[in-house]
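The block underneath contains the structure these notes are about, expressed in structure tokens.
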Amino acid sequence: MTRQEPPFEPAPPRATPADHATRVSRRGLFKGAGAAAVSAALLGARETLAREAAVADEVRTQGPGLVPITLRVNGEERKVQVEPRTTLLSALRLRLDLTGAKPVCERSQCGACTVWLDGQTVYACSVLAVEAEGREVTTVEGLGTPSDMHPVQAAFCAEDALQCGFCTPGMVMACAFAVKQHGKDLTEDQARAAVAGNLCRCGTHPHVLRAALRAAKGE
Ligand code: FES
Ligand code: FES
């Protein structure tokens, strides 16, 4: 009898130590990555909470009732009580009796309420009084007095740069800012740009521009 050879069956592939190591390390990697992500998220959340708590400690909660604040207006410290929603314009006019800045549109469109905040023109109707605390506020009353006028105020008189006068305090503040910025080099275009956010219903703009240039040149 001839001996029958068993049919050839190739040996099943074996996992090599290298394969095993690779599989283990992939699984480990995913497990590790998941754990790391969870820990990072927890750490991140903890840090965020800690940061928010620190900010909350620093942030002063104000209102909704009256809040005592100190405003620095025209070089003087003025203590007032305002609601957090009170605008700088209302605080100036109703609490401090500085009525130069005018309420007209009360929505940042006409410029009648223009004052300086830290030397920059702003619409006082669109700044909260509490936001102005600790900053330098200058109103038209602080620019000059009838007996000692600012050059821009004097130039407005000389150039007849007003009719009803309602826009005038805001125009004066905007022009005085342009003169402060450009000095005697102020051009008509720059003056025009300076009062671009100030409307005059009486149409006095040409006189306003002449007044600004006159003040800049020290005439
Ligand atoms: S009242 Fe403030 S811009 Fe008109
Ligand atoms: S002078 Fe009347 S709004 Fe300007």
Side-chain angles (χ1 to χ4, degrees), residues 63 67 69 71-74 78 80-146 149-181 186-216 219:
V67 181
I69 60 168
L71 293 175
R72 189 163 173 78
V73 186
N74 301 330
R78 307 284 304 267
V80 281
Q81 304 251 354
V82 292
E83 288 179 31
R85 64 181 181 143
T86 304
T87 63
L88 176 59
L89 180 62
S90 295
L92 291 171
R93 291 180 58 84
L94 305 178
R95 304 277 170 188
L96 299 177
D97 206 22
L98 292 168
T99 54
K102 298 285 183 275
V104 178
C105 69
E106 300 206 58
R107 57 188 61 189
S108 306
Q109 291 189 351
C110 72
C113 62
T114 303
V115 298
W116 294 352
L117 190 58
D118 288 340
Q120 302 283 321
T121 47
V122 293
Y123 293 144
C125 69
S126 303
V127 175
L128 293 175
V130 290
E131 287 179 296
E133 192 173 21
R135 302 170 71 184
E136 194 68 45
V137 181
T138 309
T139 69
V140 71
E141 291 91 342
L143 218 53
T145 61
M149 284 193 273
H150 183 280
V152 170
Q153 291 170 317
F156 265 62
C157 295
E159 292 292 346
D160 200 14
L162 59 150
Q163 292 184 56
C164 76
F166 219 71
C167 70
T168 309
M171 287 283 191
V172 167
M173 295 308 287
C175 289
F177 178 70
V179 170
K180 180 163 71 99
Q181 252 191 326
L186 179 72
T187 64
E188 186 172 332
D189 280 349
Q190 287 166 336
R192 202 183 295 279
V195 294
N198 295 70
L199 302 180
C200 175
R201 288 143 192 88
C202 304
T204 323
H205 292 93
H207 294 249
V208 167
L209 297 180
R210 283 211 293 274
L213 294 174
R214 182 186 187 111
E219 293 168 356

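Just so it is clear, the structure is predicted and the values come from calculations on it, not from any experiment. Order of listing sets the numbers, starting from 1, for every ligand and every atom in it.
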At under 4.0 Å between heavy atoms, what of C105 touches ligand 1? The answer is both
Taking the side chain from [X] and the backbone from [Y], do they hold a donor-acceptor pair closer than 3.5 Å?
X: T204; Y: H207; answer: no
X: Q190; Y: A178; answer: no
X: Q153; Y: H150; answer: yes
X: D118; Y: R135; answer: no
X: E141; Y: T99; answer: yes
X: Q163; Y: C202; answer: yes

Going by heavy atoms in the side chains, are [X] and [Y] under 4.5 Å from each other?
X: L209; Y: R192; answer: yes
X: K102; Y: P169; answer: yes
X: V208; Y: C175; answer: yes

Item to check | Atom indices of ligand 2, in the order listed, that fall short of 4.0 Å to a heavy atom of G165 | outcome: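 This gives 1 (S), 2 (Fe) as the contact atoms.
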Just which atoms of ligand 2 are under 4.0 Å from any heavy atom in T204?
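Once the distances to T204 are compared, the set is 1 (S).
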How open is the angle at atom 4 (Fe) of ligand 2 from atom SG of C200 over to atom SG of C167, rounded to 10 degrees?
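Reported to 10°, the angle equals 100°.
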- Task: If you have a sec, work out which protein heavy atom is nearest atom 1 (S) of ligand 1 and how many Å separate them, to one decimal?
- Result: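 Result: E106 N, 3.1 Å.
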re atom 3 (S) of ligand 2, the protein heavy-atom contact at minimum distance is R201 N, 3.3 Å
Number the atoms of ligand 1 from 1 as they appear, then name those within less than 4.0 Å of a heavy atom of [X], with their elements.
X: Q109; result: 3 (S)
X: V104; result: 1 (S)
X: C125; result: 1 (S), 2 (Fe), 3 (S)
X: S108; result: 3 (S)
X: C110; result: 1 (S), 3 (S), 4 (Fe)

Output yes if C113 passes the N/O/S-under-2.8 Å test against atom 4 (Fe) of ligand 1; output no otherwise.
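Coordinating: no.
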SG (C202) to atom 2 (Fe) of ligand 2 to SG (C164), nearest 10°, is 100°
